[in-house]
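Report on the following structure.
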Amino acid sequence: MTRFNAFNLLKNAMSGHKNWTEQWPDSQPKSEYDVVIVGAGGHGLGAAYYLASQHGITNVAVIDKGWLGGGNTGRNTTIIRSNYLYDESQRLFDHSVDLWQGLSQELNYNVMYSNRGCLMLAHTVHDVQSFKRHVHANRLNGVDNRWLTPEECKEYCPPINIAKDARYPVMGGALQERAGTARHDAVAWGYARGAAARGVDIIQNCAVIAIRRNADGSVAGVDTEKGFIKAKKVAVSASGHNSMVMATAGVRLPLESMPLQALVSEPVKPIFPCVVMSNAVHAYCSQSDKGELVIGSGTDQYVSYSQRGGLPLIEHTIAAISEVFPIFNRMRMLRKWGGITDNTPDRSPIIGKTPVPNLYINCGWGTGGFKATPGSAHVFAHTIAKDEPHPINAPFTLDRFRTGRLIDEAAAAAVAH
Amino acid sequence: MLLIHCPYCNETLPEVEFAYASEAHIARPTRPSETTDEDWAEFLFMRSNVKGPLYERWRHVHGCGRFFNAVRDTVTDKFLTTYKAGEPRPDLSSLTEGLK
């Protein structure tokens, strides 16, 4: 792997940029690994990277049925924030925001992290009370978040309509300035490149058919399209397909997979300086560096693996965007797509051990997994390496659905579900 | 847009008239005080989340307001059948025969 720096850039410019080495080899599976990670999205590749870089475990394979980063890592709206309500969630997501700050430097790969701020608009008295509660809860935990008046919202993001006679008037907003966006593909590529440089095998286009268990119940390895791969530990990070993969090991999960749609507009000149979310009107929006508005809202209401979703939701999303930003109501949309999100009943993820020895799960990120990529990958790697959770992910067990110790961000979070 | 057949109204109507109500045929434990934590977790939270034909509930919320059951393929989103609440599960093999 050639490092990216000014010297190498200059050197390769001399030869017309034709001699760059490949970023990572397209590996074929070996017969045995210390750790097999199922799913080559940001979370899986990141976990492999941290296993290699922080825990010295390099005999690792990341296996994906499609191409690297082709699932939800490449299908989200790239929003990063940590203004959650509960202490456990704040610790987890703020850990991630901490790691985002220096990620490009650590990976020697530009993930284009831009802390342009995330503004959540309040449209009702209840919104105001709820968001102020979030602001206070965040500040108690040292998480950046502050309250803005409607005029301050308008100043921060000029396209917002703060007219008093709007159907959903803006009554204020909660601003997290450390929040922002990053280039989602680059996150997967950066982690893949970093992991491969440390000896991790990245095996694409090779579906895992089943997880195989030993007679004593522990994990033996995985059956794949390219044959059986023996593994001391198996970690599953397969997003929408977690239920199906884990079912082959006899583990049932509290998940429902639903399509989450997003769409982008035609590219325009810079007009939208931050991320804006409106839960009451129900949509969120930012502008990519290419100039497209990146727009999303909630999931479709039904279980589906179609990666498509229904048009009524798109209509609803566009209606919401036109309501909050009337200047965009004649903007043409270029593309829309869907990703399959795995949702838990309490809308908090599950990262940890399973009832099967040496089988680990990182799932249930629902509609909010991208922002957590570095933090999730980091604590997941710790959990796999030490066979016990990191203090940050210790509350996010699968067992909480038996004990009742839920982390109920579903009802209370500033999440646009 | 999904078109959904309400077995009570006997009409096929757009998805926006209906609300999804998750997996069907999950029976509430009949003896709550004797039910273990594991069984409560299973009843309350664990879902099969099938990729393929899924038994599920819908509610005709902007129509008759009644709950009914459906079998839908979660890969294609195609409805294989809908039937009234309380009726037994239809046999999957007879439903999927016509699709092949």
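Every chain is numbered from 1, with letters handed out A, B, ... down the list of sequences.
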- Side chain from CB out, backbone as N, CA, C, O: work out which of these in Ile314(A) comes under 4.5 Å of a heavy atom of chain B, or both, or neither. neither
- Message: For the interface with chain A, which of Asp39(B), Leu44(B), Val50(B) has the highest count of heavy-atom pairs at distances below 4.5 Å?
- Response: Val50(B)
- Task: Would you mind checking if Arg59(B) and Glu17(B) are paired as a salt bridge, meaning a charged N to carboxylate O distance below 4.0 Å?
- Result: no
- Query: Less than 4.0 Å between a side-chain N and a carboxylate O, is that true for Lys353(A) and Asp399(A)?
  - Reply: no
- Item | Distance in Å, Leu85(A) CG paired with Ile407(A) CD1, rounded so as to fall on 0.5 Å steps | 12.0 Å
- Message: Just so I understand: if I count every heavy-atom pair under 4.5 Å between each of Ala247(A), Pro312(A), Gly310(A) and chain B, which residue has the most?
- Response: Pro312(A)
- Against chain B, label Leu253(A) side chain, backbone, both or neither, depending on which of its atoms sit under 4.5 Å from a heavy atom there. backbone
- Message: With rounding to the nearest 0.5 angstrom, report the CZ to NE2 distance, Phe18(B) to His5(B).
- Response: 9.0 Å
- Message: Using heavy-atom distances under 4.5 Å, tell me whether Ala21(B) contacts chain A through its side chain, its backbone, both, or neither.
- Response: neither
- Message: Report which part of Ser22(B) has an atom under 4.5 Å of a heavy atom belonging to chain A: side chain, backbone, both, or neither.
- Response: both
- Task: Name the option with the most non-hydrogen atom pairs under 4.5 Å to chain A; the candidates are Glu56(B), Met1(B), Glu42(B).
- Result: Glu42(B)
- Task: Could you tell me which of Leu311(A), Asn242(A), Leu255(A) has the largest number of non-hydrogen atom pairs under 4.5 Å with chain B?
- Result: Leu255(A)
- Message: Can you tell me if Arg89(B) has over 12 outside heavy atoms packed within less than 6.0 Å of its CZ?
- Response: yes
- Task: Determine, stepwise, if the pair Ser218(A) / Asn358(A) fulfils side-chain hydrogen bond (donor to acceptor under 3.5 Å, both in side chains).
- Result: CA-CA 6 Å; Ser218(A) 64; Asn358(A) 301 329; 5.0 Å; no
- From the list Val16(B), Leu2(B), Val75(B), Leu54(B), the residue making the most non-hydrogen contacts under 4.5 Å with chain A is Leu2(B)
